[in-house]
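First comes the structure, then the notes that go with it.
Computed from a predicted structure; not experimentally measured.
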Amino acid sequence: MEFSASPGAFIHTPGTQSEIATVIQGFLLGLFLLPLLYKSSLQVWVYCRTLGKQRTQAIEKRVEKRAGSAVFYVSLLLVLLFLVPSWTRLVQGLEVHPFVWVLNYMFTNSDERLLLCAYWIFVICVSIRRFYSISKQSKTERILLRKYYHLVAVLIFSPAVIFQPAFLDLAFGAAFALFLILEMIRVWEVYPLGHTIHQFMNAFTDHRDSEILIISHFSLLLGCALPKWMSSGFNDRPLAPFAGILSLGIGDTMASMIGYKYGVLRWSKTGKKTIEGTAAGITSVLAACSILVTLLASSGYILSQHWLSLSLAVTLSLLLEAYTTQLDNAFIPLVFYSLLCL
């Protein structure tokens with residue numbers, strides 16, 4: 001508390017890669033501890049209300065739900081305003097409040113970052129309104145609707161990897177933190193957003209999501225983020241940060257769309273993946289790589305990726321995607337990233 005109230009907590013510090021990692025780790029750790037704080041606080045509140053119920057009228061369900069929501073929001077504020085900055089200072093030595101650090105990083109010599117944020121907001125708003133409307137009014141297959149979001153990931157992340165890679169690391173962490181908060185609100189039906197979020201997210205689920213948790217959006221985000229987080233400083237492998245974007249946003253999407261519309265030859269009798277879809281995915285990824293190599297070469301990157309090894313990495317990754325029935329968004333990018341780094 002002393003740290004949060006001190007003037008030294010609001011000084012400006014330059015944004016370095018280690019500081020970005022510290023801020024991301026602090027917020028994610030705080031959000032992972034939020035359920036414990038929320039449930040404990042809620043149990044204390046319910047116990048106190050139960051003692052009073054013996055002398056007064058029964059607690060109305062609506063009042064109880066809104067009071068529980070208030071407990072959640074108070075717990076969230078405690079975590080973000082006190083727990084997270086305390087951890088970043090005591091454990092990581094970050095001598096600045098995380099929220100203020102992010103604001104300083106955003107608005108100090110950052111015209112390009114602000115323009116990128118405006119572009120992200122525009123793409124996200126247009127895609128959410130458009131795709132949610134399609135999911136409610138048309139007969140488009142749910143699998144195709146999900147792949148459209150993969151294409152949106154390409155539009156959002158590709159420019160940032162090239163022009164603002166450090167800022168993209170921070171944006172990935174912020175997006176993951178936001179997804180955690182929204183999923184908690186949805187699962188616990190926190191008033192007033194819980195029901196609305198559940199209706200929206202339920203329109204894009206499939207058999208790999210459980211009855212409680214919806215993890216498809218987490219896997220897509222992490223599939224794009226993990227290769228970027230792990231490839232910091234690997235200038236000799238310039239395509240490695242794009243492993244998630246290429247394998248999920250382009251390869252997986254094209255394989256599903258082409259296979260669904262034109263696929264005839266199936267890899268197995270019981271599966272839905274087709275040879276035509278896999279071939280389209282491999283071709284599209286190689287075409288995207290040829291464009292990226294040209295852009296990166298003009299940006300001064302050292303290129304050491306041979307086309308034979310690249311073709312082998314793309315082919316093996318797309319074959320794995322064709323045969324797996326698990327949550328491929330989570331591990332296909334890691335496999336592709338590993339093959340690119342060989």
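Within the 6.0 Å centre-distance limit, the rings of Phe27 and Phe99 are counted as a close aromatic pair. If you look at Phe218 and Phe176, their ring centroids are closer than 6.0 Å.
Taking the side chain as every heavy atom from C-beta outward, Leu226 and Pro333 never approach each other to under 4.5 Å. The closest side-chain heavy-atom distance from His97 to Arg89 is not below 4.5 Å. Residues Leu180 and Leu34 are not in side-chain contact: their nearest non-hydrogen atoms beyond the backbone lie 4.5 Å or more apart. With contacts defined as side-chain heavy-atom distances shorter than 4.5 Å, the pair Ile250/Leu151 does not qualify. The closest side-chain heavy-atom distance from Gln25 to Trp87 is below 4.5 Å. The side-chain heavy atoms of Ile20 and Trp101, taken from C-beta on, include a pair separated by under 4.5 Å. Counting heavy atoms from C-beta on, the side chains of Val161 and Leu168 come closer than 4.5 Å. Side chains of Leu320 and Val335 form a contact here, defined as non-hydrogen atoms less than 4.5 Å apart.
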Tell me, with the steps shown, if Ser247 and Ser317 meet side-chain contact (heavy atoms from CB on, under 4.5 Å). CA-CA 8 Å; Ser247 59; Ser317 300; 5.5 Å; no

Before you tell me yes or no, could you show the steps for Phe242 and Phe157 under ring-ring contact (aromatic ring centres under 6.0 Å, His included), namely the whole-Å CA-CA distance, both residues' side-chain angles and the distance that decides it to 0.1 Å? CA-CA 9 Å; Phe242 295 89; Phe157 301 140; over 10 Å; no

Test Arg113 against Phe167 for side-chain contact (heavy atoms from CB on, under 4.5 Å), laying out the working first. CA-CA 7 Å; Arg113 290 193 286 269; Phe167 179 56; 3.6 Å; yes

Start with the C-alpha distance between Tyr323 and Lys273, add both sets of side-chain angles, then the distance that settles side-chain contact (heavy atoms from CB on, under 4.5 Å), and finish with yes or no. CA-CA 8 Å; Tyr323 275 98; Lys273 305 295 179 66; over 6 Å; no

Kindly determine whether Met257 and Tyr148 satisfy side-chain contact (heavy atoms from CB on, under 4.5 Å), including the steps that lead there. CA-CA 9 Å; Met257 297 181 69; Tyr148 291 151; 3.7 Å; yes

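Residues Trp267 and Thr274 have side chains that never bring a donor and an acceptor to within less than 3.5 angstrom of each other.
The closest donor-acceptor contact from the side chain of Gln164 to the backbone of Glu112 lies at 3.5 Å or more, if one exists at all.
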